[in-house]
Amino acid sequence: MTASTPTTNPATYDVDATSRDIHRVVIELVESLDEEQFHWRPEGYATSIAFHAWHLARESDFLRAAIVERVEQLGPDFGPPTEIWIREGLLERWGFPPEIGTAVGTGLTDEVAASLPIPDRDEVLGYLRRSYAELEAFVALLDERYPNGDVANPAFGERVGRVRLNVLNFLTHDCRHLGMMEVLKGLQTGFGSATETR
């Protein structure tokens, strides 16, 4: 190597630790709210923090179940191929319209999003915790079993890499919604940070 050759030292990216940290911040933000703050939305705006928390729970729930269903090689240790949303009958229990079905919240019209009968904070928080816990257990097991993909089966190793990329994409999605939740909290309280208190 010559003196003019730049060196790079790529940082390792720990999906498991990073997702747990983001999940913790989201949960703590929701925990900090009272019922009114949780459901409040600005005039003319379709979604509340309640909607965002429900949506984050739904998409995490969907992600883990969809991967387990589509990547058969993972097997039953990675959890059931059905969502908590379906296993617990939350659509019916919470009185969501049947046409919502297995929707995760993406692509809903403003009118539909604003009309969803999202239950109280503790109900949604419980679902969010369960969805995050199942996804975190999935990622931890994936990292334990396949830390470097699967050297014995390169094709499956590539699938594992795509699974990790999907988890990262969903994690950036969580961060976007966390930002929206912080704004909605700030509009109500004058200070919206999820990680600082005044």
Side-chain angles (χ1 to χ4, degrees), residues 18-19 21-70 81-136 138 165-195:
T18 305
S19 64
D21 189 50
I22 295 300
H23 293 167
R24 178 188 54 76
V25 171
V26 169
I27 286 170
E28 287 176 359
L29 183 143
V30 174
E31 287 174 334
S32 75
L33 305 170
D34 62 31
E35 204 65 54
E36 185 178 340
Q37 292 167 333
F38 182 63
H39 284 282
W40 177 85
R41 64 180 191 250
E43 187 177 341
Y45 191 70
T47 57
S48 60
I49 292 173
F51 175 87
H52 292 284
W54 167 79
H55 172 57
L56 290 178
R58 286 291 298 120
E59 57 99 15
S60 295
D61 190 12
F62 167 80
L63 174 64
R64 188 215 52 83
I67 293 170
V68 171
E69 179 184 15
R70 295 170 190 169
T82 52
E83 302 162 34
I84 297 166
W85 181 253
I86 295 167
R87 295 191 323 253
E88 296 184 4
L90 296 181
L91 177 84
E92 299 82 10
R93 198 167 96 200
W94 291 354
F96 274 56
E99 59 272 16
I100 294 297
T102 57
V104 300
T106 304
L108 298 178
T109 66
D110 285 352
E111 293 76 19
V112 171
S115 70
L116 292 178
I118 297 174
D120 66 31
R121 188 201 70 162
D122 289 345
E123 276 282 308
V124 177
L125 193 52
Y127 178 42
L128 183 62
R129 284 186 178 122
R130 294 190 302 280
S131 294
Y132 276 168
E134 286 196 3
L135 182 58
E136 289 167 7
F138 172 90
L165 182 59
N166 276 310
V167 172
L168 281 174
N169 287 338
F170 272 68
L171 186 58
T172 60
H173 176 261
D174 279 31
C175 291
R176 289 174 55 211
H177 283 277
L178 174 60
M180 290 184 255
M181 294 162 75
E182 288 177 312
V183 168
L184 289 167
K185 179 182 178 183
L187 287 171
Q188 298 178 78
T189 65
F191 188 68
S193 174
T195 56

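A pairwise comparison of heavy atoms in Arg130 and Leu90 identifies NH2-CD1, 4.4 Å as the closest pair. Between Ala53 and Leu128, the shortest heavy-atom contact is O-CD1, 3.8 Å. Nearest approach of Leu184 to Thr47, heavy atoms of both residues: CD1-O, 3.9 Å. Residues Asp21 and Arg24 come closest through the heavy atom pair OD1-NH2, 2.5 Å. The minimum heavy-atom distance between His39 and Ile118, with the atom names listed, is CE1-O, 3.1 Å.
Proximity of a side-chain donor or acceptor of Gln37 to a complementary backbone N or O of Asp34 within less than 3.5 Å is detected. Checked by atom type and distance alone, the side chain of Glu35 pairs as donor or acceptor with a backbone atom of Arg121 at under 3.5 Å. At least one donor-acceptor pair closer than 3.5 Å links the side chain of Ser32 to the backbone N or O of Leu29. At least one donor-acceptor pair under 3.5 Å links the side chain of Asp61 to the backbone N or O of Ile84. Put simply, the side chain of Arg129 never gets that close to the backbone of Leu125: no donor and acceptor are under 3.5 Å apart. Proximity of a side-chain donor or acceptor of Arg64 to a complementary backbone N or O of Phe138 within less than 3.5 Å is not detected.
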Run the numbers on Arg58 and Tyr127 for side chain to side chain contact (heavy atoms under 4.5 Å, CB included), then give the verdict. CA-CA 8 Å; Arg58 286 291 298 120; Tyr127 178 42; 3.1 Å; yes

Check step by step if side chain to side chain contact (heavy atoms under 4.5 Å, CB included) holds for Val30 and Val124. CA-CA 9 Å; Val30 174; Val124 177; over 6 Å; no

Would Asp174 and Ser60 count as a side chain to side chain contact (heavy atoms under 4.5 Å, CB included) if you check the C-alpha gap in whole Å, the side-chain angles of each, and the deciding distance to 0.1 Å? CA-CA 9 Å; Asp174 279 31; Ser60 295; 4.3 Å; yes

Derivation and outcome, side chain to side chain contact (heavy atoms under 4.5 Å, CB included), residues Val183 and Met180: CA-CA 5 Å; Val183 168; Met180 290 184 255; 5.7 Å; no

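Relative orientation of the His55 and His173 rings is perpendicular, given thresholds of 30° and 60° on the angle between their planes. Using cut-offs of 30° and 60° on the angle between ring planes, the pair Trp54 and Phe51 is tilted.
Within the 4.5 Å cutoff, side-chain heavy atoms of Leu187 are placed close to those of Pro42. At a threshold of 4.5 Å between non-hydrogen side-chain atoms, the residues Leu56 and Tyr132 count as touching. With contacts defined as side-chain heavy-atom distances shorter than 4.5 Å, the pair Leu168/Thr172 does not qualify.
Heavy-atom contacts from other residues, nucleotides or ligands closer than 6.0 Å to CZ of Arg70 number 12 or fewer. Other residues, nucleotides and ligands contribute over 12 non-hydrogen atoms within 6.0 Å of the CD atom of Glu31.
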Which pairs would a plain distance check flag for residues 92-103, meaning a side-chain donor or acceptor within less than 3.5 Å of a matching protein atom at least two apart in sequence or in another chain?
from	atom 1	to	atom 2	distance (Å)
Arg93	NH2	Glu123	OE1	3.3
Trp94	NE1	Glu123	OE1	2.8

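Considering CH2 of Trp85 and OG of Ser131, their distance stands at 10.0 Å, rounded to 0.5 Å. We find the CD-NE2 distance between Glu182 and His52 to be 12.0 Å, quoted to the nearest 0.5 Å. Rounded to the nearest 0.5 angstrom, Ile86 CD1 and Phe62 CZ are separated by 10.0 Å. If you take CG on Asn166 and CG on Leu171, they are separated by 12.5 Å, rounding to the nearest 0.5 Å. Here the CD-CZ distance, from Gln188 to Phe38, works out to 11.5 Å after rounding to the nearest 0.5 Å.
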